[in-house]
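If you read the sequence from its start, that first residue is 1, and numbering goes on from there. Side-chain atoms are counted along with the backbone in the values below, which use heavy atoms only and exclude waters and symmetry mates. Indexing begins at 1, ligand by ligand and atom by atom, following the structure's order.
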Amino acid sequence: MTRHAKHVRIVEVSPRDGLQNEAAVIPTDAKVDLVRNLVAAGAREVEVGSFVAPKWVPQMASTADVVSAVKDIPGLEGIVLVPNMKGLERAIEAKVKRIAVFPAATEAFSQRNLNASMADSFSRFAEVARAALDAGLKVRGYVSVAFHCPFEGWVDPDAAIGLTSRLLDAGCYEVSICDTTGRATPGHVLPVIEPVVAQHGSERIVAHYHDTFDQGLANALWSWNAGVTAFDASAGGLGGCPYSPGATGNIATESLVHMFDGLGVETGFDLEKLASATRGIESCLGRPLKSAFK
Ligand code: HMG
Ligand code: MG
């Protein structure tokens with residue numbers, strides 16, 4: 001097992017996980033500028049939007065336009081969230097090369113977020129993954145509410161561990177383990193992170209921590225100690241999930257980069273350019289974001 005990696009990957013999720021919860025419609029140009037600025041700051045893998053039902057998440061209705069506008073940005077590997085076959089059709093039509101599927105580790109969250117039971121939504125995602133792989137796409141997996149659920153409380157680690165294996169078996173190249181509510185502490189994440197890294201290897205596991213209770217960096221550091229080499233993060237700490245009441249954004253990418261810079265761990269990001277990307281989207285939102293790097 002790789003421990004204390006000297007290089008980590010950061011997947012920038014702000015254009016999707018960050019913006020999906022914004023009530024006011026954000027112009028497509030501002031989303032495109034955000035992606036462009038993130039890539040200029042060193043981001044390679046960026047989740048640029050989602051092909052979900054627009055009546056569920058209206059903010060993401062412009063994803064096809066965003067995808068089309070960013071497709072020629074050199075170095076960008078765009079990822080798009082897909083909930084069902086209809087979403088996959090839209091992704092293929094938009095010529096997306098990577099999608100993400102996102103089952104949940106609890107029944108209540110699955111119902112709220114996907115309008116389906118865990119069993120039904122997993123079958124749907126497995127079908128989407130098969131069809132996407134057949135079409136030559138790469139598929140990423142998320143385990144939502146891996147540690148804590150806004151409706152059911154603390155989650156049995158076996159639920160997230162089992163779902164991770166099933167997503168990898170379904171053909172996902174990596175699985176992102178998510179603290180959707182941002183409530184978990186290192187004491188909650190390690191009982192999931194340690195076994196999945198031991199079972200599947202560092203290369204296939206990503207940590208996705210929301211920062212609602214200021215635990216994000218502590219969780220990231222303990223996960224890095226446990227061998228994790230890839231993290232999802234969001235510029236400025238932007239975001240939240242529309243189906244996780246009160247949850248705030250992911251760890252600010254700036255904070256994660258700053259921590260790893262201090263540890264001598266390479267991220268490939270330029271902190272100043274990242275702060276500039278955050279300022280750009282801040283000016284569009286008209287309110288300051290959490291990150292202290294300005
Ligand atoms: P449903 O209402 O049961 O679906 O939603 P349906 O099949 O009955 O369709 C209803 C309508 O939506 C129909 O249109 C469909 O055509 C349309 P109508 O006939 O009423 O005009 N529709 C679509 N339109 C465009 N694209 C599609 C699509 N699918 C249906 N793909 C569904 C079921 C899964 C679609 C819905 O629940 C959904 O879109 N859910 C996604 C919710 C979401 O995006 N949540 C936030 C992302 S997850 C997250 O943030 C957590 C994460 O970050 C990790 C973490 O931190 O935990 C990943
Ligand atoms: Mg999230």
Any side-chain heavy-atom pair of [X] and [Y] under 4.5 Å:
{"X": "Leu285", "Y": "Leu289", "result": "yes"}
{"X": "Trp224", "Y": "Phe231", "result": "yes"}
{"X": "Thr278", "Y": "Glu254", "result": "yes"}
{"X": "Met118", "Y": "Ser110", "result": "yes"}
{"X": "Glu47", "Y": "Asp232", "result": "no"}

Report the nearest protein non-hydrogen atom to [atom]: residue, atom name, distance rounded to 0.1 Å.
{"atom": "atom 57 (O) of ligand 1", "result": "Thr180 OG1, 2.3 Å"}
{"atom": "atom 2 (O) of ligand 1", "result": "Trp56 NE1, 3.1 Å"}
{"atom": "atom 22 (N) of ligand 1", "result": "Ala53 CB, 3.7 Å"}
{"atom": "atom 48 (S) of ligand 1", "result": "Asn113 ND2, 3.4 Å"}
{"atom": "atom 47 (C) of ligand 1", "result": "Gln20 OE1, 3.4 Å"}
{"atom": "atom 54 (C) of ligand 1", "result": "Cys178 SG, 3.4 Å"}
{"atom": "atom 14 (O) of ligand 1", "result": "Lys55 NZ, 4.7 Å"}
{"atom": "atom 33 (C) of ligand 1", "result": "Leu114 O, 3.7 Å"}

(message) How long is the straight-line distance from CZ of Phe122 back to CD of Glu127, given to the nearest 0.5 Å?
(response)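 Taking CD in Glu127 and CZ in Phe122, the distance rounds to 12.5 Å.
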(request) Rounded to the nearest 0.5 Å, what's the gap from CG on Leu271 to CZ on Phe269? Could you check? (result)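 These two atoms lie 10.5 Å from each other.
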(message) So, with waters excluded, how many protein N/O/S atoms does the Mg ion (ligand 2) have closer than 2.8 Å?
(response)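 Atoms of protein N, O or S type lying less than 2.8 Å from the Mg ion (ligand 2) total 3.
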(request) Please report the closest heavy-atom contact between Lys31 and Ser62, naming both atoms and the distance. (result)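 Smallest interatomic distance, heavy atoms only, reads NZ-OG, 2.8 Å.
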(request) Over all heavy atoms of both residues, which pair between Ala277 and Leu34 is shortest? Give the atoms and the distance, please. (result)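 Ala277 and Leu34 have their closest heavy atoms at O-CD1, 4.1 Å.
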(request) Determine, step by step, whether His258 and Ser255 satisfy the side chain to side chain donor-acceptor pair (under 3.5 Å) criterion, reporting the C-alpha distance in whole Å, the side-chain angles of both residues, the deciding distance to 0.1 Å, and the verdict. (result) CA-CA 5 Å; His258 182 55; Ser255 306; over 6 Å; no
Go through ligand 1 atom by atom and flag the ones less than 4.0 Å from a non-hydrogen atom of [X].
{"X": "Gly87", "answer": "31 (N)"}
{"X": "Pro83", "answer": "31 (N), 34 (C)"}
{"X": "Arg124", "answer": "34 (C)"}
{"X": "Phe51", "answer": "26 (N), 27 (C), 31 (N)"}
{"X": "Asn115", "answer": "1 (P), 2 (O), 3 (O)"}
{"X": "Asn84", "answer": "27 (C), 28 (C), 29 (N), 30 (C), 31 (N), 35 (C)"}
{"X": "Pro54", "answer": "24 (N), 25 (C)"}
{"X": "His210", "answer": "56 (O)"}

(request) May I ask you to decide whether Asp214 forms a salt bridge with Lys290, counting only side-chain N to carboxylate O separations under 4.0 Å? (result)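 Here Asp214 pairs with Lys290 in a salt bridge, since their nearest N and O are under 4.0 Å apart.
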(request) Could you tell me whether Arg9 and Glu174 have a side-chain N and a carboxylate O separated by less than 4.0 Å? (result)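 A salt bridge is present here (some side-chain N lies under 4.0 Å from a carboxylate O).
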Once you restrict to heavy atoms under 4.0 Å, what part of [X] touches ligand 1? Side chain, backbone, both or neither.
{"X": "Leu81", "value": "side chain"}
{"X": "Arg90", "value": "side chain"}
{"X": "Ser144", "value": "both"}
{"X": "Val52", "value": "both"}

(request) Could you go through the side chain to side chain contact (heavy atoms under 4.5 Å, CB included) check for Thr229 and Glu203 one step at a time? (result) CA-CA 7 Å; Thr229 60; Glu203 309 74 35; 5.8 Å; no
(request) Would you mind finding which of Lys86, Glu47, Met85, Gln111 brings a heavy atom closest to atom 15 (C) of ligand 1? (result)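 Closest candidate by heavy-atom distance is Lys86.
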(request) Can you figure out which of Arg16, His208, Gln59 has its heavy atom closest to atom 58 (C) of ligand 1? (result)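 Answer by nearest heavy atom: Arg16.
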Under 3.5 Å, side-chain donor or acceptor atoms of residues 67-80 against the rest of the protein: list the pairs with distances, not counting sequence neighbours.
none

Please tabulate, one pair per line, all N/O donor-acceptor pairs under 3.5 Å involving side-chain atoms of residues 146-154, not counting sequence neighbours.
from, atom 1, to, atom 2, distance (Å)
His148, ND1, Thr181, OG1, 2.9
Glu152, OE2, Glu107, N, 3.3
Glu152, OE2, Ala108, N, 2.8

(request) Measure up the Tyr142 and His208 rings against each other and bin them: parallel (under 30°), tilted (30 to 60°), perpendicular (over 60°). (result)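 Correct class here is perpendicular.
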(message) Could you tell me if Asn219 and His188 have a donor-acceptor pair between their side chains, going purely by distance under 3.5 Å?
(response)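 No pair is found: no donor N or O on one side chain lies under 3.5 Å from an acceptor on the other.
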(request) Indicate whether any N or O donor in one side chain lies under 3.5 Å from an N or O acceptor in the other, for Thr180 and Tyr243. (result)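 Checked: Thr180/Tyr243 side chains show no N/O donor-acceptor pair below 3.5 Å.
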Is any N or O atom of [X], backbone or side chain, closer than 3.5 Å to an N or O atom of ligand 1?
{"X": "Tyr142", "value": "no"}
{"X": "Asp17", "value": "yes"}
{"X": "Phe102", "value": "no"}

Would you say [atom] touches the protein, meaning some protein heavy atom is under 4.0 Å from it?
{"atom": "atom 9 (O) of ligand 1", "result": "no"}
{"atom": "atom 44 (O) of ligand 1", "result": "yes"}
{"atom": "atom 24 (N) of ligand 1", "result": "yes"}
{"atom": "atom 4 (O) of ligand 1", "result": "no"}
{"atom": "atom 19 (O) of ligand 1", "result": "no"}
{"atom": "atom 41 (C) of ligand 1", "result": "yes"}
{"atom": "atom 29 (N) of ligand 1", "result": "yes"}
{"atom": "atom 50 (O) of ligand 1", "result": "yes"}

(request) Mind running side chain to side chain contact (heavy atoms under 4.5 Å, CB included) on Thr267 and His7 for me, showing each step along the way? (result) CA-CA 6 Å; Thr267 62; His7 175 88; over 6 Å; no
Scan the side chains in residues 87-103 for donor-acceptor partners under 3.5 Å anywhere in the protein, sequence neighbours excluded, and list what turns up.
from, atom 1, to, atom 2, distance (Å)
Arg90, NH1, Val52, O, 3.1
Arg98, NH1, Glu45, OE2, 3.2
Arg98, NH1, Tyr173, OH, 3.0

(request) Is it possible for you to say whether Val206 and Phe125 belong to one hydrophobic cluster, with membership spreading through side-chain heavy-atom contacts below 4.5 Å? (result)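 In one cluster: no.
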(message) Under 4.5 Å between side-chain heavy atoms, counting indirect links through other Ile/Leu/Val/Met/Phe/Trp/Tyr residues: same cluster for Val48 and Ile10 or not?
(response)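 Val48 and Ile10: one cluster.
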